[in-house]
Amino acid sequence: MATARQIAEALREIGVLLELKGENPFKVRAYENGARAVEQVGDAIVDRYRDGALGEVKGIGQALQEKIGAFIESGHIPLLDQLRAEHPPGLLELLAIPGLGPKRVREIHDMLGVASISELEYACKENRLRLIKGFGEKLQAKVLDGIRFIRASAGRKLISDVWPRAVELREQVAGLPGVERCDIAGSLRRRRETVKDIDLTVASSHPEQTVGLIARLKGIEELTGHGPTKVSFRLKGGLAADVRIVEPGQYAFLLQHMTGGMEHNAALRGHAKSLGLRLSEYGLFRGEELIPAGSEAEIYAALGMDFIPPEMREGRGEIEAALEHRLPRLIEDGDLRGAFHNHTNWSDGANSIEEMAAAAEAKGLRYFHISDHSRAAVYANGLDVERLSAQLDEIHEVQKRHPKLRILTGIEVDILKDGGLDLPGDILSRLDVVIASVHSRFGQSREEMTERLVRAASHPHVDILGHPTGRLLLGREPYDFDFDAVARAAAANHTALELNANPHRLDLEPDLLRRAKQAGARIAINADAHSREGLDDLPLGVATARRGWLEKTDIVNTWPIEEVLAYFQR
DNA sequence: GCCGTTTTCGGCCCGACTGTTTTCAGTCG
């Protein structure tokens, strides 16, 4: 069966190929918008199609309905097949090179016959790119540089790897003379799971002077752009950064602009325009008249809407919600009372039960759940029945020394290939909270994997489904299964779905969190800590929950522990 | 290609910077 992911991918590819072909940019955008709309609806898009209700989805008109229908029925879209036949597949990867967009890629292909990154690299080295009109020596060098960059890093990095460096850079800039404010903006501020670069905003009483100072900061390897209001550079280690500087009175507008995301800003400016206003990083204008704002909240208020938290600014319906005053009240860091899913040195964790408990207590948590691996996870020194029983005794002892912290017993039990569990029911029934996770056989068919997960989520002893999609950021794709079916099973059986806060996972991702909530499922924000420091990942989990529009009540570990256990038991 | 309490046609966000041009196209976010 067709999945939302596949449909969106196909529409997106049509958009890119049309762009390459030189089509009307608004038509191109319509396909991109359609892809996003499909992703938001999720796999239920197939039901919408069967019900003849596809046209009710905003962004999907007559033409896209036909294409989606064709894909669902046959797995093919004639237009896409035709476009693929017209364009060598390697052209798409050329678009990833900084400085090359559709126009130039097309020109390179038509003039030089280049159709892949390797061919382009060769052409640059032979000095042939310069032969094309409008291309010069610098552009050729930039393209070669871009090819090297792509090969080295594949472009994106984990937010956890970039964040500390961004904080450091912000401190450096904030300390410069004349700088009144400096903030981390862009995808970092929106807490995207992976980011491409660091965006900083600066308020300065002497912008041009500040630009010069920033360009000479320590740690800069190479300046890549330099104008009166903007500096771009690459830091040692390869990370790119963009810094924009304005006068203090314009700062709120710059921060809003630089925080993005692109779709959010486009929609916001479109709304401003419908009010007869014009919004840019320099201000909100009625004609020539500036409507002043000292904060982002004042900008949104001037546009007739509630303040939209940065994590929600992804063009996912937040502007409509803010206009109608129905934004959710997002969960906050301080709302977490406890943490499930933590490992110790009984399996593959680095610290003892005692050390982990002390760390949890220091974080102000009121309950803390130990869940080491089960026996099938041989690589992780998983526990069999005997060792698990022995661990329960030790937990009992540690509990005596920590009267203020409720230590919960448990296990992260492997879900076997058929959806059964790796430990017998009588031992599971002795535990406070049981997490079930898939750690093997990721390549099962969609039907098998769906059945496997639905069965696990419905198991009477299972309380939480661990890292439900199995994705590893920049590493492994999620396994193929019907998420909504699993979410429904979880909701019906009072099994929480995990939001694994480990920066390599962040699983569930925001779209799926919203779909989980729609299905009535509850979420557990879990550190999956393998050491004391692992507990520091919890705020990233909260940020991801915020990106998924979740409120305090949606998250089980914001509840008192008695309520959580009662929920799991029912 | 989509969309509409301004519109079923005529819009569709806005500006910075680069590299190549003598006034601007392309890319980027």
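Computed from heavy atoms alone, side chains included, the values below leave out hydrogens, waters and symmetry copies. In what follows, every chain begins at residue 1, and chains take the letters A, B, ... in the order their sequences are listed. A quick note: this is a predicted structure, and the numbers were derived from the prediction, not measured.
- Annotation: B:dA25 and B:dG10 have their C1' atoms spaced 25 Å apart (nearest Å).
- Closest-nucleotide positions on DNA chain B for A:Gly270 and A:Ala63 were compared, and the one nearer the 5' end corresponds to A:Ala63.
- A donor N or O paired with an acceptor N or O is found under 3.5 Å between the base of B:dG1 and the side-chain atoms of A:Asn24.
- Comparing the P positions of B:dT6 and B:dC2 gives an interatomic distance of 23 Å, to the nearest angstrom.
- Within the 4.0 angstrom heavy-atom criterion, only backbone atoms of the sugar-phosphate kind lie near A:Lys273; the bases stay farther away.
- Distances shorter than 4.0 Å separate some side-chain N or O of A:Tyr282 from OP1 or OP2 on B:dA16.
- No contact: A:Gly260 has no heavy atom under 4.0 Å from any strand.
- Within the 4.0 Å cut-off from OP1 or OP2 of B:dC17, at least one side-chain nitrogen or oxygen of A:Thr229 is found.
- Across all strands shown, A:Lys142 has no heavy atoms under 4.0 Å from either base or sugar-phosphate atoms.
- With rounding to whole Å, A:Glu137 atom CD is found 12 Å from B:dT21 atom P.
- Heavy-atom neighbours of A:Glu137 CD from other residues, nucleotides or ligands within 6.0 Å: at or below the threshold of 12.
- Counting non-hydrogen atoms under 4.0 angstrom, A:Leu277 reaches nothing in the nucleic acid.
- As judged by a 4.0 angstrom heavy-atom cut-off over every strand, A:Ser232 is placed among residues making no nucleic acid contact.
- Comparing B:dC28 with B:dT23, their P atoms are spaced 25 Å from each other, to the whole Å.
- Salt-bridge check for A:Asp537 with A:Arg505: failed, with every basic side-chain N at 4.0 Å or more from each acidic carboxylate O.
- Residue contacts shown for A:Leu268 are absent, as no nucleic acid heavy atom lies under 4.0 Å away.
- Here, B:dG11 and B:dT20 have their C1' atoms 32 Å apart, quoted to the whole Å.
- Residue A:Lys230 has its side chain nearest to B:dC17 when only B:dC17, B:dG1, B:dC13 are considered.
- Ion pair A:Glu32/A:Arg12 flagged as a salt bridge, since at least one NZ, NE, NH1 or NH2 atom sits closer than 4.0 Å to an Asp/Glu carboxylate oxygen.
- Ring geometry for A:Phe307 versus A:Tyr300: interplanar angle over 60°, hence perpendicular rather than tilted (30 to 60°).
- Here, B:dT7 and B:dC12 have their C1' atoms 13 Å apart, quoted to the whole Å.
- Comparing the same atom, P, in B:dC13 and in B:dC3 gives a spacing of 14 Å after rounding to whole Å.
- Nucleotide B:dT8 forms no Watson-Crick or G-U wobble pair with any nucleotide shown, as no partner meets the under 3.5 Å limit on both distances.
- A:Asn33 comes within contact range of no nucleotide atom at all, as no heavy-atom separation falls under 4.0 Å.
- Looking at every heavy atom in both residues, A:Met312 comes nearest to A:Pro328 through CE-CD, 3.7 Å.
- Between B:dT21 and B:dG15, the distance separating the two P atoms is 28 Å to the nearest Å.
- Using a 4.0 Å heavy-atom criterion, one finds that A:Pro25 contacts no nucleic acid atom at all.
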